[in-house]
Amino acid sequence: MAGGTILTPGGKDYPGKLTRNVLITCIIAATGGLIFGYDLGISGNILEEQPCFTVFGGVTSMDSFLKEFFPSVYAKESSIKPSDDQYCKFDSQTLTLFTSSLYLAALVASLFAATVTRIFGRRTTMLSGGVLFCVGALINGFAQRIWMLIVGRLFLGFGIGCANQSVPIYVSEMAPYRFRGGLNMMFQLAITIGMLVANLLNYFFAEIKGGWGWRLSLGGAMIPAIIIIIGSFFLPETPNSLIERDHHKEAKEQLLKIRGIPNVDAEFNDLVAASEASKLIKHPWATILERKYRPQLTMAICIPMFQQLTGMNVITFYAPVLFKTIGFGSSASLMSAVITGTVNALATLVSIFSVDKWGRRTLFIEGGAQMFICQVIITIAIAARFGISGNPGELPTWYAYGLVFFICVYVAGFAWSWGPLGWLVPSEIFPLEVRSAAQAINVSVNMIFTFGVAQVFTLMLCHLKFGLFIFFAFWVLIMSFFIFKYLPETKGVPIEEMSIVWRNHPIWGKYVPPQEEARIGGNV
Ligand SMILES: OC[C@H]1O[C@](O)(CO)[C@@H](O)[C@@H]1O
């Protein structure tokens, strides 16, 4: 992770190294992303349940699972012929309820988690997330009826809501500001690793004789949950949160330990000042609606929304069918998961090592351009073969290889831009007084759009056909313009000094009061 010795916009340069202590702490905390990733890989990547291509991963592609809980879906799936219109699919209300329960639960949990995070600290929320997720995994692993699956998924969702609300904030507060970007992005790295591992396990569990492999897939979610439970027992609380809860002495000791230098007074005093200002705010939910927080509120809504409107989950949906064409036959979904999953994780690593050197805006805009170009190429290529009928006929192998290549380039573009930045930027731009509430908005919007895109996708695929990819390409253009115009660079800015970047911004400067007024009004 590159740092550089740039002074902050406020002219400060808090000393502090990337200590082993902080590195290990942040890695442990980031494992909180594993639970979300594991769920996305095992069943949450709800596009994988579109049964018109019968090569997907996820438990909903296991015949034994479908036969036991969704027999009508299984019957319909078995009757689909390869010559049928591949764009259109049938629908199942219960299957939708099964998948959607998690997103709704995560949304609700993140709102509660905001209060827990503020009053009891970030660590408590992480721990609760792990415990709730573990309970959900247990219920699902032993499920006998659909209602048990749904209740289990509700618990998984509660766990994800808590973890996604607290982990990014935790890491951003712990990290020395020069390394914050890279350390925070380990959260998304953990998501991608969780997805990859889940996809692999699911593939092998599906082979188990007797058709009970899905129990291992679902119950296996306990492992990432136990990792975060044990991890959060050992994790220290962030200095920001300790100060917020009036444990000043402990906070100072903690800061000295994580910064690895004998004098942390400058940073400590600024954390105290930010905390004093935040104490004036009694109702963060009402406060965040005030005009002076408009930039943060806009980002808390737009960034997670745009992250999902990149179409990442939709594009990777197409990959398995192409792998099948290349000749992987029944292992197409495994190959697809391994290749796109590995590209996803490796490209996230690229962003970890470059975000604090090149900055957030550069990655956002480069990643956007890369995704846009790939989407246009993929659209043209798919339109040329699938046409309006939705029946691809025989795809030449070279054609499928080419498409897979562009899918991988697209995935890499996402993985070093909107994927990790979608968690990093919101977690670092909110002032302490509204941080927990704003992060809950971020998580909620992410959940709504992850779920919404997947649901609407089915309908859109039927009506827009290959135009669907252009739909997402259009959004990628809009979001890149949005970043260019509205997002100031936050690289190398201490988290509690972030208000300066908004104040100096040509558009947001009109919303944020000058320093003196802000101090009186509680927005330092
Ligand atoms: O890595 C891809 C995954 O990352 C997310 O955007 C979460 O940050 C998921 O919606 C997606 O499946």
Side-chain angles (χ1 to χ4, degrees), residues 30-50 56-58 99-100 102-103 106-107 110 157 160-161 163-165 167-168 171 184-199 202 224 302-320 336-352 363-364 367-368 371 407-408 410-427 439 442-457 472 475-476 479:
T31 59
L34 286 177
I35 60 175
F36 187 31
Y38 188 89
D39 187 77
L40 284 166
I42 221 71
S43 55
N45 197 344
I46 35 195
L47 296 174
E48 295 190 30
E49 81 191 21
Q50 315 309 321
F56 303 112
T99 49
S100 61
L102 180 133
Y103 293 90
L107 192 158
S110 69
I160 289 173
N164 291 10
Q165 197 278 341
V167 173
V171 180
N184 181 291
M185 284 179 161
M186 289 187 190
F187 177 66
Q188 174 73 9
L189 181 67
I191 295 179
T192 61
I193 293 172
M195 287 169 73
L196 185 56
V197 170
N199 274 313
N202 203 60
C302 290
I303 291 184
M305 174 184 88
F306 286 147
Q307 190 208 51
Q308 291 307 314
L309 287 175
T310 54
M312 168 69 175
N313 290 334
V314 170
I315 304 269
T316 44
F317 158 76
Y318 258 91
S336 167
V338 170
I339 294 179
T340 57
T342 308
V343 170
N344 197 358
L346 291 181
T348 308
L349 269 180
V350 172
S351 65
I352 287 179
L363 287 183
F364 262 131
M371 283 190 286
I407 287 184
C408 288
Y410 166 90
V411 169
F414 173 88
W416 58 55
S417 61
W418 282 90
L421 290 167
W423 298 106
L424 165 64
V425 172
S427 77
Q439 178 66 1
N442 178 39
V443 175
S444 304
V445 175
N446 195 301
M447 293 300 141
I448 293 171
F449 276 86
T450 306
F451 177 67
V453 165
Q455 290 307 306
V456 176
F457 161 79
F472 289 114
W475 278 108
V476 170
M479 65 187 81

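What you see is a predicted model, and the numbers here were worked out from it, not measured in a lab. Both ligands and their constituent atoms are indexed starting at 1 by order of listing.
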Polar proximity ligand 1 side, Q307 side, N/O cut 3.5 Å exclusive: yes
Heteroatom proximity flag, W423 to ligand 1, N/O under 3.5 Å: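 Between W423 and ligand 1 (N or O atoms, distance only) the closest approach is under 3.5 Å.
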Note, T31 side chain near P224 side chain (heavy atom, < 4.5 Å):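 With C-beta onward as the side chain, the pair stays apart.
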Check: S351 and Q188 side chains under 4.5 Å, non-hydrogen atoms: no
Donor-acceptor contact present, side-chain Y103 to main-chain F449, <3.5 Å: no
Intermediate values then yes/no, side chain to side chain donor-acceptor pair (under 3.5 Å), N344 and T340: CA-CA 6 Å; N344 197 358; T340 57; over 6 Å; no
Check each atom of ligand 1 against the heavy atoms of [X] and keep those under 4.0 Å away; list them by number with element.
X    : answer
L40  : 9 (C), 12 (O)
N344 : 1 (O), 2 (C)
Q308 : 6 (O), 10 (O)
F414 : 1 (O), 2 (C), 6 (O)

Geometric class of the F187/W423 ring pair [parallel <30°, tilted 30-60°, perpendicular >60°]: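 It falls in the perpendicular class, over 60°.
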